[in-house]
Amino acid sequence: MIRILMIEDDEVTNFIAKTNLERFGYKNISIALNGQLGLDYLKTNISPDIILLDINMPVLDGWDFLDKLNELNLAPETPVVITTSSFRGDDKLKADSYSNIIDYLEKPINFQYLNTILSKVKLKSYDL
């Protein structure tokens, strides 16, 4: 069973995402409300199969999370999908500079497309 870690500060977004992912059969979903809580989760749990990461969050944003993730060598093989409401072209370009980011999704999330990504992750047939 695929393990998903969602790092997202918006409770409504988390509820919608979890509900939609459960409809596709994903049950092993953990949620962290900011990047620091995401790091804390990774320090004390088995690495997830995928991380769904928001960019704009309090405490530790998505970019700082990614930098700390690499610095601490946490979950080095875990693919990351950016899930953001940011429409800034700079953010997309910045995402390209991280080797563990496999996709960049703007909100509202197309869950049919996300399911396709998760299916590839399940089969480990993605390019990092």
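Numbering of residues begins at 1 and proceeds along the displayed sequence.
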Do you see a donor-acceptor pair shorter than 3.5 Å between the side chains of [X] and [Y]?
{"X": "D54", "Y": "T83", "result": "no"}
{"X": "N115", "Y": "Y26", "result": "yes"}
{"X": "Y113", "Y": "D103", "result": "yes"}

Per the side-chain contact (heavy atoms from CB on, under 4.5 Å) rule, which among L52, I51, L53, I109 passes with V81?
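The option that passes is L52.
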Is the closest side-chain heavy-atom distance between [X] and [Y] below 4.5 Å?
{"X": "M6", "Y": "T13", "result": "no"}
{"X": "D40", "Y": "L42", "result": "no"}
{"X": "I2", "Y": "L118", "result": "yes"}
{"X": "N70", "Y": "N100", "result": "yes"}
{"X": "I4", "Y": "P48", "result": "no"}
{"X": "L39", "Y": "F65", "result": "yes"}
{"X": "I117", "Y": "L105", "result": "yes"}

Ignoring hydrogens and geometry, is there a side-chain-to-backbone donor-acceptor pair from [X] to [Y] under 3.5 Å?
{"X": "T116", "Y": "Q112", "result": "yes"}
{"X": "R3", "Y": "S47", "result": "yes"}
{"X": "N20", "Y": "I16", "result": "yes"}
{"X": "N14", "Y": "E8", "result": "yes"}

Between A32 and L37, the two heavy atoms sitting closest are CB-C, 3.8 Å
For N73 and P76, the nearest pair of non-hydrogen atoms, with its separation, is OD1-CB, 3.5 Å
Take a 6.0 Å sphere around [atom1] of [X] and say whether it holds more than 12 heavy atoms from other residues, nucleotides or ligands.
{"X": "F15", "atom1": "CZ", "result": "no"}
{"X": "L93", "atom1": "CG", "result": "yes"}
{"X": "K68", "atom1": "NZ", "result": "no"}

